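Working notes for the structure below.
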Amino acid sequence: MAIAILTSGGDCAGMNPAIKQFVDYCFSKNIQPYLIYDGLEGLIDGDIKKASYEDVAGMMHQGGTMIRSSRSKRFFEYEYRKIAYENLQKHGIDKLIILGGDGSFRALDQFYKDFGVNFVGIPSTIDNDIFGTEYCLGVDTALNIIREATDAVRDTSASFKRACVIETMGRDCGYLALVSAITCGAEVCIIPELEYDLDKIGKRLKEELKNGRKYIVCIVAEGCNSQVCTNTNGLVKWLEEDVGIETRATILGHVQRGGNPTVYDRLMASEFATYAIDKILDDEKCNHVIVYNKSEFQFVSIDYVNSQKYEIKKELLDLARRLIN
Ligand SMILES: Nc1ncnc2c1ncn2[C@@H]1O[C@H](COP(=O)(O)OP(=O)(O)OP(=O)(O)O)[C@@H](O)[C@H]1O
Ligand SMILES: O=P(O)(O)OC[C@H]1O[C@](O)(CO)[C@@H](O)[C@@H]1O
């Protein structure tokens with residue numbers, strides 16, 4: 001019996017601390033851990049290595065994933081999944097821990113159905129869009145990067161009496177933009193989950209500018225690009241032409257995916273990894289995702305995770321209602 005870890009889909013801060021804990025904790029239980037490099041692509045290509053303490057030394061503070069990640073077209077095909085299975089067999093690996101999003105969990109569930117390889121998925125995505133868990137690894141670090149960037153952009157906006165539009169990542173989910181707008185003191189928050197009224201927002205902003213407001217901070221989710229929302233360019237145009245304030249846009253992009261993991265993400269990584277290992281070692285059959293709700297870790301089935309679309313909780317949405325009118 002042997003156990004391996006891989007990272008898949010979008011990387012995030014917290015993956016390295018989780019990998020380190022995986023290796024350290026396995027050794028403490030006298031189990032040989034394995035590392036799979038390059039995600040599912042590496043699984044197909046047999047890029048699998050016995051882990052040593054040296055492999056994970058000094059990686060606690062590093063962002064990204066030192067065993068790298070990938071999105072794999074080949075893994076959708078049975079033929080390649082079979083090759084991946086044979087690669088695991090060569091090392092006697094019959095248990096996998098995967099750090100990724102719901103796509104990665106679906107991939108391993110298919111693999112479990114094909115060949116019975118046990119796995120536990122650890123929700124790891126800055127988007128925080130996995131149904132069944134309140135928290136995904138990497139979110140706190142991404143939010144802190146957005147906060148730092150927004151604070152800096154606000155400084156220069158105030159110096160020039162400008163508006164700024166800051167676009168966050170999150171794919172279709174507005175969680176990062178929402179929490180950032182609330183915690184950075186934005187004046188406007190545009191996300192796919194909240195209906196907004198540009199006329200009302202415009203009137204409010206004009207009134208505030210008349211009363212001495214010096215700058216405006218708008219936070220918009222990247223999901224607005226593909227949904228029926230005003231996106232970053234649309235907002236810049238509207239602020240300049242309708243509200244009448246010079247405006248600059250900042251698309252934060254991939255900086256949100258990097259950076260040193262925060263204390264919270266390091267701790268969550270250690271806990272997620274430890275519970276996941278305990279579970280996979282205890283259960284004879286395991287195709288679960290570990291989730292975190294109300295300060296507790298639980299295990300749910302992949303079917304449960306896939307059964308619904310993640311929704312931001314109403315109480316959080318309510319905190320931003322004054323930013324959409
Ligand atoms: N049904 C499936 N069958 C086989 N492989 C799959 C399946 N769904 C997803 N995968 C594999 O999982 C990989 C990762 O999925 P995806 O790109 O959706 O990222 P994710 O894990 O959801 O993370 P994120 O969305 O945060 O980047 C895909 O590139 C693909 O190789
Ligand atoms: O790194 P890529 O492939 O451009 O993917 C970007 C996407 O990945 C994420 O960073 C994480 O899922 C999304 O927020 C973003 O839409």
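One-based numbering, in listed order, for ligands and for the atoms of each. Only a predicted model underlies this, so the values are computations on that prediction, with no experimental measurement involved.
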Query raised in the report: Which ligand 1 atoms does Ser8 reach within 4.0 Å, using its non-hydrogen atoms?
Result: 14 (C)
Query - Protein residue, atom and distance nearest to atom 26 (O) of ligand 1, heavy-atom basis - result: Thr125 OG1, 3.1 Å
Report summary line: ligand 1 to Gly9, heavy atom cutoff 4.0 Å, flagged ligand atoms 19 (O), 23 (O), 27 (O)
**Report entry** Leu205 side chain near Ile216 side chain, heavy-atom distance below 4.5 Å
**Finding:** yes
Report summary line: Here the gap from Phe115 atom CZ to Gln110 atom CD, rounded to the nearest 0.5 Å, amounts to 9.0 Å
Query raised in the report: Who's the nearest protein heavy-atom neighbour of atom 1 (N) of ligand 1, and how far?
Result: Phe76 CE2, 4.0 Å
Query raised in the report: Among all protein non-hydrogen atoms, which one is nearest to atom 4 (O) of ligand 2, and what is the separation to 0.1 Å?
Result: His254 NE2, 3.3 Å
Query raised in the report: Which residue holds the protein heavy atom closest to atom 11 (C) of ligand 2, what is that atom called, and what is the gap in Å?
Result: Asp127 OD2, 3.3 Å
Requested in this report: Consider ligand 2: state whether an atom of it lies below 4.0 angstrom from any non-hydrogen atom of Gln256.
Outcome: no
Query raised in the report: Which is closest to atom 17 (O) of ligand 1 by heavy-atom distance: Lys73, Arg106, Arg71?
Result: Arg71
Query raised in the report: Should you measure from each heavy atom of Gly170, which atoms of ligand 2 turn up under 4.0 Å away?
Result: 14 (O)
Query raised in the report: What protein heavy atom sits nearest atom 9 (C) of ligand 2, and how far away is it?
Result: Arg257 NH1, 3.4 Å
Report summary line: A student comparing Ala107, Gly10, Cys12 should find that the heavy atom closest to atom 11 (C) of ligand 1 comes from Ala107
Report task. Output the list of atoms in ligand 2 that are nearer than 4.0 Å to some heavy atom of Glu222, sorted by atom number. Result -> 13 (C), 14 (O), 15 (C), 16 (O)
Query raised in the report: If you measure from each non-hydrogen atom of Leu40 to ligand 1, which part falls under 4.0 Å: side chain, backbone, both or neither?
Result: side chain
Query raised in the report: So which of Gly101, Ser72, Gly103 gets nearest to atom 28 (C) of ligand 1, if we judge by its closest heavy atom?
Result: Ser72
Requested in this report: Could you tell me whether the side chain of Glu134 and the main chain of Asn293 form a donor-acceptor pair under 3.5 Å?
Outcome: no
Query raised in the report: Within the side chain of Ser180, is there an N or O that forms a donor-acceptor pair under 3.5 Å with the backbone of Leu178?
Result: no
Query - Under-4.0 Å heavy-atom contact with ligand 1, by part of Arg171 that carries it - result: side chain
Report summary line: Result for side chain to side chain contact (heavy atoms under 4.5 Å, CB included) between Val139 and one of Asn128, Thr125, Asn144 points to Asn128
Query raised in the report: Does the gap between the ring centers of Tyr53 and Phe27 come in under 6.0 Å?
Result: yes
Requested in this report: Decide if the gap between the ring center of Tyr135 and the ring center of Tyr264 is smaller than 6.0 angstrom.
Outcome: yes
Query raised in the report: Using 4.0 Å as the upper bound for N to carboxylate O, is an ion pair formed by Glu207 and Lys210?
Result: yes
Report summary line: Residue, atom and distance of the protein heavy atom nearest atom 4 (C) of ligand 1 read Phe75 O, 3.5 Å
Requested in this report: Considering heavy atoms of the protein only, find what lies nearest to atom 5 (O) of ligand 2 and give residue, atom and distance to 0.1 Å.
Outcome: Arg71 NH2, 3.4 Å
Requested in this report: Taking Asp140 for its side chain and Asp265 for its backbone only, find out whether a donor-acceptor pair lies under 3.5 Å.
Outcome: no
Query raised in the report: Got a donor-acceptor contact below 3.5 angstrom from the Asn225 side chain to the Glu222 backbone?
Result: yes
Query raised in the report: Which atoms from ligand 1 have a heavy atom of Ser104 less than 4.0 Å away?
Result: 12 (O), 14 (C), 15 (O), 20 (P), 21 (O)
Requested in this report: Taking only Lys NZ, Arg NE, NH1 and NH2, and the carboxylate oxygens of Asp or Glu, determine whether Arg171 and Asp129 approach each other closer than 4.0 Å.
Outcome: no
